[in-house]
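Counting starts at 1 for both ligands and their atoms, following the listed order.
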Amino acid sequence: MHDNQLTLDQIKPLADGRVGLAVLGFPINHSLSPHLHNAALAQLAFHDEKFKNWKYGKVELAASDLGKALPKLWDCGYKGLNLTIPHKVEVLPLLSSIDPAAEIMGAVNTLVWKEDGWHGCNTDGYGLEAGLRESLSVELENAQVLILGAGGAARAAAAQCLKSRCKKIWLANRSIGRLTEVVHVLSKTFGSKRIQSFALDSLPNEVGNIKGLVIINATSLGLKREDLCPIELDGFDPSCKIYDMIYNPAVTKLLEQAKYGKMSHANGLSMLVHQAARALELWTQESVSVSAMYSGVRA
Ligand code: NAP
């Protein structure tokens with residue numbers, strides 16, 4: 001069984017009794033998911049031998065190959081998949097069913113094997129809420145939240161905030177077309193009263209004055225060291241709490257600014273771990289050790 005990175009052509013039927021799990025993305029080299037999942041699987045195998053045959057790997061795949069890869073992985077004996085950039089939205093038409101909560105988010109990050117094909121779920125929203133609580137002691141109920149971005153991760157974040165009864169969300173994105181679409185989809189389910197949206201470069205001053213505002217970076221700005229900061233924090237109240245979904249690099253320019261402004265801040269590692277734990281629970285139907293996942297990723 002592989003521990004390595006595969007391409008579409010290298011995916012082969014698994015030996016009898018083996019169970020495959022994998023993350024699909026492009027690029028995929030940077031992904032920490034195998035470290036998290038294999039550490040938690042080792043912990044599960046300690047109590048139940050069958051999990052010794054479960055292994056989690058990674059597959060590098062262009063979006064145009066998803067349509068070939070999903071049936072192949074299903075035929076080869078894979079029981080669970082994660083999706084990362086850029087597959088979370090593109091995969092939707094290829095699924096046999098989608099969890100209603102994921103449908104609202106308009107993106108899936110977890111696929112569960114079912115008799116009739118792949119079933120799509122989204123554990124990013126759950127992971128974010130658990131990560132905010134663990135890293136910043138934030139409860140979403142009654143919170144005011146500024147979400148930067150309108151891609152798959154931002155949609156999951158916004159839907160989770162609204163579902164968990166936040167007071168208001170402020171959505172800001174570079175491209176207005178995508179922003180408008182997200183607001184439209186969320187308003188259909190949650191109503192429009194608690195949602196406001198802006199272009200990323202024209203945030204209104206009043207947002208900066210909100211005490212205890214939770215700011216979540218769900219753009220990919222910060223993944224590369226040379227990236228600019230998605231927003232400047234100098235106009236924001238020091239009581240703001242900053243969560244950057246990016247975890248590699250561990251300290252983005254946004255987090256550097258937060259530190260400089262003495263604001264509470266955290267990177268996206270806790271979200272990564274909690275969304276992964278929930279996905280593994282969906283595949284194994286067992287409760288999963290978050291601390292084993294942290295040990296796996298730190299090792
Ligand atoms: P995505 O669907 O590709 O969305 C990317 C977002 O970033 C869009 O809103 C895009 O704006 C914005 N963006 C990209 N380049 C930009 C630039 N130069 N200036 C301003 N905005 C820019 O990606 P995603 O799946 O939502 O992921 C977003 C981020 O969250 C990634 O960094 C990912 O690693 C992270 N993430 C972390 C976790 C975790 O567990 N910690 C989970 C999921 C995602 P436009 O619409 O204008 O293009």
Asks: Closest non-hydrogen protein atom to atom 9 (O) of ligand 1, residue and atom name please, with distance?
Replies: Asn173 OD1, 2.7 Å

Asks: Evaluate whether atom CD of Glu141 has more than 12 neighbouring non-hydrogen atoms of other residues, nucleotides or ligands under 6.0 angstrom away.
Replies: yes

Asks: Would you check if there is a donor-acceptor pair between the side chains of Tyr56 and Asn82 at a distance under 3.5 Å?
Replies: yes

Asks: Quick one: which ligand 1 atoms are inside 4.0 Å of a heavy atom on Ile246?
Replies: 32 (O)

Asks: Say whether Ser270 and Tyr243, considering side chains only, have a donor N or O and an acceptor N or O under 3.5 Å apart.
Replies: yes

Asks: Considering the heavy atoms of Asp124, write down every atom of ligand 1 situated less than 4.0 Å from one of them.
Replies: 42 (C), 43 (C)

Asks: Return the SG to CG distance between Cys121 and Leu95, rounded to the nearest 0.5 Å.
Replies: 9.5 Å

Asks: So which of Asp124, Asn122, Asn109 actually passes side chain to side chain donor-acceptor pair (under 3.5 Å) with Lys88?
Replies: Asp124

Asks: Ignoring angles and geometry beyond distance, decide whether Ser220 reaches within less than 3.5 Å of ligand 1 through its nitrogen or oxygen atoms.
Replies: yes

Asks: Looking only at protein heavy atoms, which one is nearest to atom 29 (C) of ligand 1, and how far off is it?
Replies: Thr219 O, 3.5 Å

Asks: Would you indicate which of Glu181, Arg178, Gln275 comes nearest to atom 1 (P) of ligand 1 when only heavy atoms are counted?
Replies: Arg178

Asks: Any idea which protein heavy atom is nearest atom 44 (C) of ligand 1, and the distance to it?
Replies: Ala153 CB, 3.6 Å

Asks: At under 4.0 Å between heavy atoms, which part of Ala218 makes contact with ligand 1: side chain, backbone, both or neither?
Replies: backbone

Asks: To the nearest 0.1 Å, how far is atom 15 (N) of ligand 1 from its closest protein heavy atom, and which atom is that?
Replies: Arg174 NH2, 3.7 Å

Asks: Would you mind checking which non-hydrogen protein atom is closest to atom 41 (N) of ligand 1, with the distance to 0.1 Å?
Replies: Met245 O, 2.9 Å

Asks: Under the salt bridge (Lys or Arg N to Asp or Glu O under 4.0 Å) rule, what do Asp116 and Lys114 come out as? Steps first, then yes or no, please.
Replies: CA-CA 5 Å; Asp116 59 345; Lys114 293 225 167 151; over 6 Å; no

Asks: Identify whether NZ of Lys or CZ of Arg in Lys50 sits under 6.0 Å from the centre of the six-membered ring of Trp54 and within 45° of that ring's axis.
Replies: no

Asks: Less than 3.5 Å between some nitrogen or oxygen of Leu221 and one of ligand 1, yes or no?
Replies: no

Asks: If we count only N and O atoms by modelled type, under 3.5 Å, do the side chains of Thr219 and Asn217 hold a donor and an acceptor together?
Replies: yes

Asks: Atom 4 (O) of ligand 1: which protein heavy atom is closest, and how many Å away?
Replies: Gly151 CA, 3.5 Å

Asks: How long is the straight-line distance from OG of Ser31 back to CG of Leu272, given to the nearest 0.5 Å?
Replies: 7.5 Å

Asks: Under the salt bridge (Lys or Arg N to Asp or Glu O under 4.0 Å) rule, what do Glu256 and Lys259 come out as? Steps first, then yes or no, please.
Replies: CA-CA 5 Å; Glu256 272 168 15; Lys259 190 174 175 194; over 6 Å; no

Asks: Any donor-acceptor pair under 3.5 Å linking the side-chain atoms of Asn267 with those of Thr252?
Replies: no

Asks: Checking the N or O distance criterion of under 3.5 Å, is ligand 1 in contact with Gly152?
Replies: yes

Asks: Which protein heavy atom lies closest to atom 33 (C) of ligand 1, and at what distance to 0.1 Å?
Replies: Ile85 CD1, 4.1 Å

Asks: For ligand 1, which atoms sit closer than 4.0 Å to a heavy atom of Gly149?
Replies: 9 (O)

Asks: Of all the non-hydrogen atoms in the protein, which one sits nearest to atom 42 (C) of ligand 1, and at what distance?
Replies: Met271 CE, 3.6 Å

Asks: From atom 43 (C) of ligand 1, work out which of His30, Lys88, His87, Lys224 has a heavy atom at the shortest distance.
Replies: Lys88

Asks: So is Ser175 polar-close to ligand 1, meaning N/O to N/O under 3.5 Å?
Replies: yes

Asks: Do Ser164 and Glu129 have a side chain donor and acceptor closer than 3.5 Å?
Replies: yes

Asks: Counting from 1, what ligand 1 atoms have a heavy atom of Leu223 closer than 4.0 Å?
Replies: 32 (O)

Asks: Can you find a non-hydrogen atom of Ala150 under 4.0 Å from ligand 1?
Replies: yes

Asks: Relative to Trp283, does Lys79 satisfy both conditions: NZ or CZ under 6.0 angstrom from the six-membered ring centre, and within 45 degrees of the ring's axis?
Replies: no

Asks: Within a distance under 4.0 Å of any heavy atom of Tyr247, pick out the atoms of ligand 1 and give their elements.
Replies: 41 (N)

